[in-house]
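Letters A, B, ... are given to chains in the order of the sequence lines, protein chains preceding strands, and every chain is numbered from 1. Just so you know, these numbers come straight off a predicted model, no measurement behind them.
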Amino acid sequence: MIESLFTAQVLLGILTSGIRLATPYLYAGIGETFGQRSGVLNLGVEGQMLLGAFAAFYAVRQTGNLWLGLLAAILVGGLMGLAMAFVSVTLRAKQGISGIGFFLFGLGMSDLLFQTLLGTVQTVSGFRPLAIPLLSRIPVLGPVFFNQSFLVYAAYLLVPIANYVMNHTTLGLKIRAVGENPEAADSLGVSVSRVRYFTVTLGGVFSGLAGASLSIALLNVFQQGMTSGLGFIAVALVYFGGWRVWGVLAGSLLFSMVNALQLWVQVLGLPIPSEFAVMMPYVLTIVALVVAVQRVRPPTALTKPFVREG
Amino acid sequence: MCGIIKRFPGVLANDCVDFAVHQGEVHALLGENGAGKSTLMKVLYGLYRPDDGEILLNGEPVQITSPTDAIRFGIGMIHQHFMLVPSLTVAENVALGLPSSRGVITDLDRVSKRITELGKTYGLQVDPRARVWQLSVGQQQRVEIIKALYRGAELLILDEPTAVLTPQEVAEFFQILRQMVKEGHSVIFISHKLQEVLDISDRVTVLRDGAVVGSRLKGTMTKAELARMMVGRDVGFQRNRAPVTPGEVRLSLHDVWARSDRGTDALQGVSLEVRAGEILGLAGVSGNGQRELAQVINGLRPVARGHVQLEGKDTTGVSPVELIAQGLAYIPEERMRDGMIRDFSVAENLILREHATAPFARRGFLDFKAIARVAAGHIVDFNVKTPSQETLAKNLSGGNIQKVILARELSREPRVIVAAQPTRGLDIGATIYVHERLLDERSRSLREEKRHGAAILLISEDLDEILALSDRIAVIYEGRIMDIVPSEEATPERLGLLMAGVTKEV
Ligand SMILES: Nc1ncnc2c1ncn2[C@@H]1O[C@H](COP(=O)(O)OP(=O)(O)OP(=O)(O)O)[C@@H](O)[C@H]1O
Ligand SMILES: [Mg+2]
């Protein structure tokens, strides 16, 4: 029975869906990386994703325009990010607790909107796979890598871009400095709050996109609580990835592959209890965190609000 | 600056201070620990908002509400406690917050080149690609200076810049200052070393308890007078080192090797012995292994090869907790980072070491009355200037933070003391006090019993301090002990040569 997992066809299937499923992790994880590198832990990612997913879904449902759907997710996510920035930077609230608050808000709000505006689970026709000319014709691997939807490509494109921004731009330098030693950055005229507002809002935008990638590209439905902990895993992935964009990519792929494997285990009806299969990504989260957290040091100022004394 | 007033909860840090700097002068600001020097400078740099008073620049009143304003007005500041991002490289620290020649993309290559140029011109060598956390304190200070020079500051505020430099480095540094002054820059210079102040400044202003005591022009002041203005009484400059016959070996190192954070061999076969009732001075230019040596002895850094022994027992690789129990005291060099918890109160920091034992704790519960009583005693003994015991440690002035650590470490009659730069940043009064305390520890129990006093390893870059206190002097260079000489035979010249790695007299 178990051998049926290891046929070429199934393995390719796992690879294909693994690459697809990494998309929301990538958006949310990269957005969160920016926030955390600047010293803000946003635990509300899950809530931002849910609202983003709903906004995108609803906009597409109403207008039929996928780009408007994306725009809606960006706006809603950005607004949620802005609110988180206000609470954690300006009001200097405890970041852990306020993040949980935003999660609960997103969870409840998206549910309420779903109940009042949609009522039942419906579907949309989301982003279609986009075969890239030539590349997608490469035998075997072509269809795996180059026959995905726009949001999937964009997510992978985001990885080198985000890495470049973080490590080779003046903005990235400010972000890293603010997360390590805000006093030093402040003494050089870098506005700590402006940098953090930017990163946290950006994180919100990416969380919104992560949600949209579920509701109008990967699954094409909206359901209550459809993110099922994915946003929290994305936060964990930032730790796992050692606060580095490439690390987040590695973590995203690892998790999505396990997820894909788990789905195939169910599809093939292997004699593994499905509850156990579903558990795998979460168990992996815990194991990965325990292993990863001992390896690298988080940004020194992470979760610490900045006040100039005096 | 006119009529500057700055209050903190419980303290009047600046009491209507008038202070003026002329173009092209070095103006020294003197005062005891906690006199309000740093506060005044932070007001000028836009880090603190004054409660009253105004700042005039070239006769025009200006509003400086943030460092950005200050930088725009051509004011640069080197802080008493480094304002560097440890995880970033030197070049990144310098480039931070500056526009790049390549727009949004950093131009670290160009910045590095400029840093190397500045380094050459001013003798401030650092590797632009090194990460700041890997640098010694002295090197980090250089980065701070480069940061300000790089920004082309017209008026440079230097808050105790020489505290971490060696005598040679100070001489070079003064060379830089003179060059800058010649080009029309102005410098505000804070230091506790009176000789330096006399050497470099055109004018001196003395603060006491937040208020200006007086100003003097170059040539019209003497060390003794300045000291009197600062402290309010006459102070002596001589140390009295009673003769003591050293007892048994308390601390010994045999062929110890250890790696630095960067993976290089920071210690290359160090062997030392320190006896009871003896102060062994360890002289050397910063970054030659002193930091690693102190860490190795205190169980904070693994020993690659060799042995460390405390009172004859092998303590290589033993945890700091056990070492403390065996009577080892440590006054670390990086006191802000290693010596205290910034967000704890003064009282809590004072009992940090012994917090889990009687009288401070009973069955796991802290006895706050006992803590308060002991803390109050320490505060008086060491003359710690603090509004209250509950004040957070980070709100103390630089020198008073050091006093808290000293009080904690010296108050439990340690058998072995490792003191790294114990008087860096202390005012004259406190320096004298610390020196006397160290000398007391050395000869302590002799008076009462036949036991000997503590064995003290004094790590310092201040040759005067080493010469004044030590019984024997070891010189470290590139992780090796060059020589150990009895202090009677030591001269600054001989030590200076050894510190530069020259063994044979030429
Ligand atoms: N942020 C703060 N909050 C509360 N009190 C403060 C703060 N900063 C400084 N103080 C207090 O103001 C007084 C002056 O401190 P300041 O740092 O200016 O002294 P200093 O002259 O620089 O001394 P040192 O030579 O020790 O550095 C001290 O009593 C200090 O405890
Ligand atoms: Mg000071």
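Contact of the B:Leu96 side chain with the A:Val190 side chain is registered, since non-hydrogen atoms from C-beta on lie closer than 4.5 Å.
The minimum heavy-atom distance between B:Pro67 and A:Ser187, with the atom names listed, is CB-O, 3.5 Å. Shortest non-hydrogen contact noted between A:Ala184 and B:Val85 is CB-CG2, 4.2 Å. Shown here for B:Ser100 and A:Thr170, the closest heavy-atom pair between the two residues is CB-CG2, 3.7 Å.
Residues meeting the salt bridge (charged side-chain N to carboxylate O under 4.0 Å, His left out) test with B:Arg151, sequence neighbours left out: none. For B:Arg72, the salt bridge (charged side-chain N to carboxylate O under 4.0 Å, His left out) test picks out B:Asp69, with sequence neighbours left out.
Only the backbone of B:Leu98 comes within contact range of chain A, with at least one heavy atom under 4.5 Å from a heavy atom of that chain. Neither the backbone nor the side chain of B:Asp107 comes within less than 4.5 Å of any heavy atom in chain A. Only the backbone of B:Leu84 comes within less than 4.5 Å of a heavy atom in chain A; its side chain stays farther off. Looking at B:Lys147, only its side chain comes within 4.5 Å of chain A, counting heavy atoms on both sides.
The candidate with the highest count of non-hydrogen atom pairs below 4.5 Å against chain B, out of A:Asp186, A:Thr300, A:Leu173, is A:Leu173.
Residues of residues 174-181 of chain A lying under 4.5 angstrom from chain B, judged on non-hydrogen atoms, are A:Lys174, A:Arg176, A:Ala177, A:Glu180, A:Asn181 by number.
Within 6.0 Å of atom CG in A:Leu91, more than 12 heavy atoms from other residues, nucleotides or ligands are found, so the atom counts as buried in its surroundings.
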Do any side-chain atoms of residues 8-15 of chain B form donor-acceptor pairs under 3.5 angstrom with protein atoms, and if so which ones, sequence neighbours left out?
from, atom 1, to, atom 2, distance (Å)
B:Asn14, OD1, B:Leu40, N, 3.2
B:Asn14, ND2, B:Gly36, O, 3.1

